[in-house]
Amino acid sequence: MSFKMLGRAVALAVATVVPLLAGAAQAQQRTLTVYSSLDEDQAKALIRGFEAKHPQVKVNAILGSTAPIIARVIAEAAAPQGDVIMGNAVSALMAADARGLLLPYKPAHFDKVSPMMRDGRAEPVWVGIDAWAASVCFNTAEAAKKNIPAPVTWEDLTKPIYRGQITMPSPLSSGTALLAVNGWLTAFGEQAGWAYMDRLHENVARYGHSGSAPCRQAATGESLIGISYAAPGVKLINEGAPISIILPTEGLGWEIEALAIIKGARNLADAKVMADWISSREAAEISAKFLPITAYDDIQSLPKNYPANEREKLLKMDFGKLAASREAVMAEWQRRYGTKVPPRN
Amino acid sequence: MARFAGVGGRVLGHALPGLLLLVLAAGTVLPLAALLGRAFLDRNGGFAGMANFVRYATEPGLAVAAWNSVWLSAQTTVITIVLAYPYAYALARSAMPGRVAFRLAAMLPLLAPSLLPAFGMIYLFGQQGALRSWLMGAELYGPVGIVLASVFHALPHAVLLLAAGLAAGDGRLYEAAQALRAGPWRRFMTVTLPSSRYALVSATSVVFVLVFTDFGVPTVVGGSTNVLATDIYKLVIGRFDFELGAVVGVLLLAPAVLAYGIDALARRTQRASLSGRSVPIAAVRMPVRDTALFLFCAAVAAAILGVIGMAAWGSLVRFWPYNLTLGLHNYARLLEDADEFRAVANSVVLAAGTAAVGTAMAALTGWLVARRVGAGWAQGAIQAVAMLPVAVPGLVLGLGYVFFFNNPANPLHGLQGTMALLVVCTVAHFYTVPHLMAVGGLVRLDREIDLAAQALRAGPASVGRRVYLPYLAPVLVEMFGYFFVNAMTTVSALIFLFNAQTRVAAIAVVNLVEGSRFGQAAAFAVVLMVLSLVATGVQLAVRAAILRRQRWRVR
């Protein structure tokens, strides 16, 4: 090893990196940078549909989890890198909106979109793409081994037979958990809702950080029951997991995944084209291949292995009130369950 | 302070430390300040004084999380060092067979994306785990899981630092000890241990800080056990509260400050053990010792291989644990997506760029600090900045990079969205260990060598080429490998910086996990590990070739 060799190594590294930089600089004429937290297959199908309709626009997609995408948008505020957020939880979009980072825009087909799936404000910021609800993933193979019956209601989960068998995410780090908690507070009422969670806490083996992880843990037998949502469960069943997805009868807390344009988007015109297209029936029909609840009420679909009647079980939720009580609910949850270790079985 | 003759020497003595300090600061201190500075601001950017700290102090559960962090990190550190020291000693000093293979085995946890050991641990010790009974009724998800997975994660860092420090020694001391009839144990206690004190101190502090600030392990196997590092995740990702997140980021720097102080003390008191009259150590055959060390290393290597092997096996089965039919279907499905190929190519570019730039930088800063080149304050500052990254969670570094580089007022704003920025970020993220390896290697060369060079009026380039580079060459190869393999698997910082053109394979793995496609995620992670394994194989071969050519190392 000599300075010469070191020099050569550096030259080699520069030679490999520089073309990439140049490549990024001379990118195509019309590009659109899209951030998305939709399911990867769904996001890619939507992008293919959009590019087929608008071949002059090339979409650069950045896919990631709900919260990191929003954290990134907030951090990039000084010089936004993305143009449009195509699919992120409305509650998370609201965090960006509260910081003034989203551009109000009413897409072309906004009025045709189901009223519950669009921003009700005078200057709408988001338009819904799909919706999903809190669900229970239940491992039928382990249940058969232990001779444990499947739960049907949320109340069932507090029965002694499920002690130490349940995992759920913590609402402090997971939007999925927050919508489950908000669902209980809506279905049972404020006081009875917390009393329910007190009883549930006795049965919970552990609180995690990811919304889909409890379903995965149920699927691999790391737990019997995971409080999660349907989409990961459907995928896991398709992979061969012995689980059933249960939609408890008291009703489900739910959440919308929506599109919003980033304020300061460099390709604003095409961002609006994307928003217009997403609000169309054509786009909703693509999403319906992946989830039953889309922006158009009359599109009926039930993807393979997806539980039936999700739409009928959605609770009537006051999203404005829930957004306002978000911090308070998190603080109360932390006070009750965050500081003590849940009991073992 | 070392002085060099000629104009070149004066330029080196003053300009180089300043320049390096500037580059290092732009890569670490300034981006971190851009994020951590928010600890003192309110949400609208106004000055808030200590209000955020007060707000954080009143969060319930903080004391428990802080205690968990300290106690679990301390346990992990003790276990890791107890395992790593004899392992590194066996690699560096013994004549046991299979040293190259053992070196490779110790590197394995670095080569595998963190997903694989997590899967491996769950497959072995989880509810359905084959070896669940070994935990004697304790549950994996919680303190047990955190310590087990953290030891696994920290072991290669410790082994590398200790082996670098033990690699060279003065044979005369051993001859003298033998002449004085000191037994092997006494020789170890009076010669080996003191001469490796610096490496021991730096390995201990690196492991402690690494575990203290890591949130990857606790989020996967921590169950409901809260630690400080996961608070950052909860605050920034769960609540978008960058201000409180910054407070935790500042608090997490505390052990690093302590480590810096201890490190400075250790460097000052480390006696140079290699002088111009040094005689290289010949690895003496001591059958009893070597057999014992071999058995010990085999046990540690078997544990590492068991965890990784379990995960690799998991990538071959249909659906663990319910359908164990073997097949390559998970790998076949990866081939269907062209994006994944580009991601692998991007990863290799990132890793090679990071390794080239990082090794050159770390060799220079290590040399400045170890040989005391330039002004004292500059050396201290360089050491402080180099010690910083290990204490910074990737999430904090990545967001700091966005705040700092994505500012139109920043002259470096043009880097935003380029692969070059990913390289800079990754070099910064993994800077501490290679820098310490360089320091650990060079600090033990006697200052006489600098004085002799001075007397011979040798310029710095000449001394560098003839003395430091050949002497450090094997360590340089290891530093290069360290940067390379870490860049192949890193995710936490890049997740905020990548775009469609620069998406790397490790991020693709995370996307697969988020899409609940475990089998494919595991398969992709195995592919990455194999690539890193090949790179490490090349590295070990180069290292062995250098050692063979450097006859002066053996008698």
Side-chain angles (χ1 to χ4, degrees), chain A residues 1-3 6 9-10 12-13 16-17 20-21 23-24 27 33 39-41 60-65 67-68 70-72 74-76 78-79 81 95 141 170 172-174 205-210 212 215-216 220-223 232 235-236 239-242 330 334-335 338-339 341-342 344, chain B residues 59-61 64 122 126-128 139 141 219 223-224 226 230 233-234 236-240 242 318-323 349 352-353 356-357 360 399 402-403 406-408 413 416-420 423 461 464-465 469-470 473 476 495-496 498-502 511 514-519 546:
Chain A
M1 180 73 74
S2 67
F3 274 141
L6 204 65
V10 172
L12 189 72
T16 46
V17 171
L20 278 160
L21 306 184
T33 302
D39 168 66
E40 191 174 338
D41 293 335
N60 285 324
I62 293 167
L63 308 180
S65 287
I70 297 296
R72 186 171 169 158
I74 294 172
E76 286 175 349
Q81 298 290 309
S170 153
L172 301 183
S173 41
S174 157
R206 53 188 178 270
Y207 298 102
H209 297 277
S210 143
S212 55
C215 195
R216 288 180 222 148
T220 52
E222 291 302 304
S223 70
K235 291 213 155 183
L236 289 159
E239 301 269 318
M330 283 179 165
Q334 169 76 2
R335 192 183 68 75
T339 53
V341 178
R344 293 247 180 81
Chain B
E59 292 260 311
V64 177
I122 291 170
Q127 296 293 320
Q128 308 290 327
E139 217 203 330
Y141 302 97
T219 48
S224 307
N226 283 324
T230 46
Y233 186 83
K234 278 189 205 164
V236 174
I237 296 301
R239 281 156 61 176
F240 307 117
F242 289 79
R318 262 274 153 216
F319 192 87
W320 191 87
Y322 298 111
N323 182 350
V349 170
V357 176
L399 283 170
V402 177
F403 282 121
N406 192 41
N407 186 340
H413 177 53
Q416 178 70 29
T418 66
M419 184 57 102
V423 169
R465 196 174 65 239
L469 266 185
L476 283 179
I495 206 123
F496 301 101
F498 81 99
N499 59 27
Q501 281 80 32
T502 57
N511 287 156
E514 283 160 1
S516 292
R517 298 184 190 185
F518 290 151
I546 291 172

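Residue numbers begin at 1 in each chain, while the letters A, B, ... track the order of the sequences.
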**Message:** So which residue, B:Tyr322, B:Phe403, B:Phe518, ends up with the most heavy-atom pairs under 4.5 Å with chain A?
**Reply:** B:Tyr322
**Fill in**
Rounded to the nearest 0.5 Å, the CD atom of B:Glu514 sits from the OG atom of A:Ser212 at a distance of 7.5 Å
**Prompt:** If every non-hydrogen atom of B:Ile237 is compared with every non-hydrogen atom of A:Ala67, which pair is closest and at what distance?
**Reply:** O-CB, 3.0 Å
**Item:** Residue pair A:Thr220 / B:Gln128: nearest heavy atoms and the distance that separates them
**Value:** O-CG, 3.3 Å
**Prompt:** With a 4.0 Å cut-off, would you call B:Glu139 and A:Arg206 a salt bridge?
**Reply:** yes
**Request:** Say whether, by atom type as modelled, one donor and one acceptor occur between the side chain of B:Arg517 and the main chain of A:Glu239 under 3.5 angstrom.
**Result:** no
**Request:** Quick one: list whatever passes side-chain hydrogen bond (donor to acceptor under 3.5 Å, both in side chains) with B:Asn407, sequence neighbours left out.
**Result:** none
**Least distance between heavy atoms, A:Ala71 atom then B:Phe242 atom** = O-CZ, 3.6 Å
**Asked** Which bit of A:Ser174 comes within less than 4.5 Å of chain B, counting heavy atoms only: side chain, backbone, both or neither?
**Response** neither
**Prompt:** Could you give the distance from CD1 (A:Ile62) to CG (B:Asn511), rounded to the nearest 0.5 Å?
**Reply:** 11.0 Å
**Message:** Taking every non-hydrogen pair under 4.5 Å, which of A:Pro232, A:Pro68, A:Ala79 racks up the most with chain B?
**Reply:** A:Ala79
**Asked** How far does CG of A:Leu172 sit from CD of B:Glu59, to the nearest 0.5 angstrom?
**Response** 8.5 Å
**Shortest non-hydrogen separation from B:Ser516 to A:Leu236 and the atoms involved** = O-CD2, 4.1 Å
**Asked** Taking every heavy-atom pair that is under 4.5 Å apart, which of A:Ser223, A:Cys215, A:Ala241 has the most such pairs with chain B?
**Response** A:Ala241
**Asked** Quick one: of B:Phe496, B:Phe240, B:Phe498, who has the most non-hydrogen atom pairs under 4.5 Å with chain A?
**Response** B:Phe240
**Prompt:** Looking at A:Gly240, A:Ala78, A:Gly221, A:Ser173, which one has more heavy-atom pairs under 4.5 Å with chain B than the rest?
**Reply:** A:Gly221
**Request:** Please look at A:Ala61 and chain B and tell me whether the side chain, the backbone, both or neither of the residue comes under 4.5 angstrom of a heavy atom of that chain.
**Result:** backbone
**Prompt:** Is the backbone N or O of B:Gly515 less than 3.5 Å from a side-chain atom of A:Glu40, with the two atoms forming a donor-acceptor pair by type?
**Reply:** no
**Message:** Given 3.5 Å as the limit, does a donor-acceptor pair link the side chain of A:Asn60 with the main chain of B:Asn499, or not?
**Reply:** no
**Item:** Heavy atoms of other groups near B:Arg239 CZ, more than 12 under 6.0 Å
**Value:** yes
**Message:** For the CZ atom of A:Arg216 and the CD1 atom of B:Ile122, what is their distance to the nearest 0.5 Å?
**Reply:** 10.0 Å
**Message:** Quick check on A:Glu222 against chain B: is it the side chain, the backbone, both or neither that has a heavy atom closer than 4.5 Å?
**Reply:** both
